[in-house]
Amino acid sequence: MRPLPFAILASLVLAGSNIQGQQSVDPPRRPFLYKDARGELAAARARGDSGVTLVVAAMPGANAKAAALAKRLGGTVRYRDDDVDYLRVHL
């Protein structure tokens with residue numbers, strides 16, 4: 001399992017960027033993983049899993065960018081829905 005690429009991907013996607021010129025009315029994005037996600041990663045490490053499947057919610061209009069980043073980090077996009085900016089990625 002490669003936890004560093006997962007952490008980088010999750011941080012970039014969750015942190016978001018001002019892709020579509022959105023104003024500051026958007027809620028702040030979390031640049032870190034939730035407690036549950038950290039627990040799931042720890043459980044996968046304990047089981048000796050060599051990879052994890054991620055559900056990625058990209059910022060509106062940023063799905064292609066998130067998919068490209070996942071591929072650059074060695075992941076495989078298993079499902080992509082550009083209508084709701086959703087990815088399922090295996091790392």
Side-chain angles (χ1 to χ4, degrees):
M1 179 167 57
R2 292 171 268 169
L4 183 58
F6 169 77
I8 292 170
L9 175 65
S11 295
L12 291 175
V13 171
L14 293 175
S17 62
N18 200 2
I19 304 260
Q20 293 181 332
Q22 297 169 341
Q23 300 301 318
S24 61
V25 284
D26 289 339
R29 303 293 184 232
R30 292 178 177 256
F32 54 87
L33 299 176
Y34 286 102
K35 181 180 177 181
D36 292 343
R38 290 192 311 268
E40 290 175 18
L41 279 175
R45 282 190 200 110
R47 287 190 306 267
D49 292 350
S50 62
V52 292
T53 298
L54 311 173
V55 174
V56 178
M59 297 294 293
N63 213 29
K65 188 174 181 180
L69 178 60
K71 288 177 184 176
R72 263 194 314 245
L73 293 172
T76 303
V77 177
R78 293 196 171 163
Y79 181 79
R80 177 176 168 175
D81 188 339
D82 290 334
D83 292 333
V84 292
D85 297 305
Y86 166 89
L87 297 170
R88 190 177 315 134
V89 179
H90 185 78
L91 283 173

Group every Ile, Leu, Val, Met, Phe, Trp and Tyr by side-chain heavy-atom contacts under 4.5 Å, then state whether [X] and [Y] land in the same group.
| X | Y | answer |
| --- | --- | --- |
| Val77 | Leu54 | yes |
| Val55 | Val84 | yes |
| Val56 | Leu41 | yes |

### Task
Taking side chain to side chain contact (heavy atoms under 4.5 Å, CB included) as the test, write out the residues that go with Asn63, two or more places apart.
Ala58, Arg80, Asp82, Asp85, Leu87
### Task
Using the ring pair (Phe, Tyr, Trp, His ring centres under 6.0 Å) rule, collect all pairs that involve residues 38-69, keeping only residues at least two apart or in two chains.
none
### Query
How close do Leu91 and Ala70 get, heavy atom to heavy atom, and via which atoms?
CD2-O, 4.3 Å
